[in-house]
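One structure below.
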Amino acid sequence: MGSFNHYVIVKFKDGVAVEELILGLEKMVSGIDQVKSFEWGKDIESHEMLRQGFTHVFLMAFNGKEEFNAFQTHPNHVEFSGVFSPAVEKIVVLDFPSKLVKAPA
């Protein structure tokens, strides 16, 4: 069984309480067993031309496509999407099985 990843890259709307949204996202993810791992970060290095307004990335890993599908329809995820989506100005979502080339040391 391979890992399946869900990457979300976001530009939030002006005036959004991003910290509160991230706390809500962390709480939502911690309550869903299918999420194997979750991490996020805020860009601090890229030039604006490269960033294109995107500031945050959220990474979730699952133990396969079936686990990801269960996450997508989980009531906690569906409910939180109703809060998260209106705060987003632009979004890129990538869902893919990963191919490990070099394992963590």
Side-chain angles (χ1 to χ4, degrees):
M1 181 185 323
S3 183
F4 192 87
N5 298 297
H6 177 62
Y7 282 33
V8 178
I9 306 164
V10 176
K11 175 184 181 187
F12 289 104
K13 292 178 180 173
D14 289 340
V16 167
V18 175
E19 295 79 14
E20 288 179 29
L21 269 179
I22 292 172
L23 286 175
L25 181 58
E26 290 174 352
K27 182 179 177 184
M28 181 268 295
V29 167
S30 67
I32 300 178
D33 293 338
Q34 288 87 356
V35 179
K36 182 172 76 173
S37 68
F38 171 69
E39 57 188 293
W40 69 271
K42 181 178 180 184
D43 182 80
I44 60 168
E45 296 291 329
S46 299
H47 295 287
E48 181 56 35
M49 180 186 74
L50 298 174
R51 185 184 305 133
Q52 298 182 34
F54 292 96
T55 56
H56 291 76
V57 63
F58 303 95
L59 321 164
M60 294 179 208
F62 301 85
N63 285 324
K65 181 85 163 71
E66 298 77 24
E67 296 283 313
F68 173 69
N69 290 342
F71 163 77
Q72 289 286 87
T73 58
H74 192 284
N76 292 5
H77 177 254
V78 172
E79 179 182 348
F80 189 75
S81 292
V83 174
F84 190 82
S85 295
V88 172
E89 182 173 322
K90 292 194 308 186
I91 191 168
V92 174
V93 177
L94 301 172
D95 300 316
F96 58 93
S98 64
K99 300 191 183 314
L100 183 63
V101 175
K102 181 177 179 181

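Computed from a prediction, not measured in an experiment: that's the story for all the values here. Counting from 1, the numbers follow the sequence of the chain as shown.
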Less than 4.5 Å apart, any side-chain heavy atom of [X] and any of [Y]?
X     : Y     : answer
Leu25 : Phe38 : yes
Phe62 : Val35 : yes
Lys65 : Asn69 : yes

By side-chain contact (heavy atoms from CB on, under 4.5 Å) - contacts of Val78 (at least two apart):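 Not a single residue meets the side-chain contact (heavy atoms from CB on, under 4.5 Å) criterion with Val78.
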Using the test side-chain contact (heavy atoms from CB on, under 4.5 Å), find all partners of Glu20 that sit at least two apart in sequence or belong to another chain.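 Only Ala17 meet the side-chain contact (heavy atoms from CB on, under 4.5 Å) criterion with Glu20.
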Would you give the length of the straight line joining atom [atom1] of [X] to atom [atom2] of [Y], rounded to the nearest 0.5 angstrom?
X      : Y      : atom1 : atom2 : answer
Lys102 : Leu100 : NZ    : CG    : 11.0 Å
Ile32  : Glu67  : CD1   : CD    : 11.5 Å
Arg51  : Lys11  : CZ    : NZ    : 10.5 Å
Gln72  : His6   : CD    : NE2   : 5.5 Å
Thr73  : Gln34  : OG1   : CD    : 8.0 Å

Look at the aromatic rings of Phe12 and Phe58 and report parallel, tilted or perpendicular, splitting at 30° and 60°.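 Perpendicular: the ring planes of Phe12 and Phe58 meet at over 60°.
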Given the rule in the side chain to side chain contact (heavy atoms under 4.5 Å, CB included) test, do Glu26 and Trp40 qualify, once you have shown the distances and angles that lead to the verdict? CA-CA 9 Å; Glu26 290 174 352; Trp40 69 271; 2.9 Å; yes
Hey, mind stepping through Val18 and Lys42 against side chain to side chain contact (heavy atoms under 4.5 Å, CB included) and telling me if it holds? CA-CA 11 Å; Val18 175; Lys42 181 178 180 184; over 6 Å; no
In the hydrophobic clustering (ILVMFWY, side-chain contacts below 4.5 Å, transitive), which residues join Val92, or is it alone?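 Same cluster as Val92: Tyr7, Ile9, Phe54, Val57, Leu59, Leu94, Phe96.
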Check: [Y] main-chain N/O paired with [X] side-chain donor or acceptor under 3.5 Å:
X     : Y     : value
His56 : Val10 : no
His47 : Met49 : no
Ser85 : Gly82 : no

Please walk me through it: do Met60 and Phe71 pass side chain to side chain contact (heavy atoms under 4.5 Å, CB included)? CA-CA 10 Å; Met60 294 179 208; Phe71 163 77; 3.6 Å; yes
Tell me, please, which residues at least two apart from Ser46 pass side-chain hydrogen bond (donor to acceptor under 3.5 Å, both in side chains).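 Partners of Ser46 under the side-chain hydrogen bond (donor to acceptor under 3.5 Å, both in side chains) test: Asp43.
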Do you know the tightest heavy-atom contact between Pro86 and Ser81?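 Closest approach of Pro86 to Ser81, heavy atoms only: CD-O, 4.0 Å.
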What closest approach, in Å, do Gly31 and Asn76 show between heavy atoms, and which atom pair accounts for it?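 Between these two residues, the closest heavy atoms are O-ND2, 3.9 Å.
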Show the numbers, then the answer: is there a side chain to side chain contact (heavy atoms under 4.5 Å, CB included) between Phe84 and Val88? CA-CA 7 Å; Phe84 190 82; Val88 172; 3.7 Å; yes
Counterpart residues, salt bridge (charged side-chain N to carboxylate O under 4.0 Å, His left out), relative to Lys90 (two or more places apart):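 For Lys90, no residue satisfies salt bridge (charged side-chain N to carboxylate O under 4.0 Å, His left out) once neighbours in sequence are set aside.
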Using ring-ring contact (aromatic ring centres under 6.0 Å, His included) as the criterion, list what pairs up with Phe4, not counting sequence neighbours.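 For Phe4 the ring-ring contact (aromatic ring centres under 6.0 Å, His included) partners, ignoring immediate neighbours, are Phe68.
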Could you state whether Leu23 and Val16 fall into the same hydrophobic cluster, counting links through intermediate Ile, Leu, Val, Met, Phe, Trp or Tyr residues with side-chain heavy atoms under 4.5 angstrom apart?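 Different clusters.
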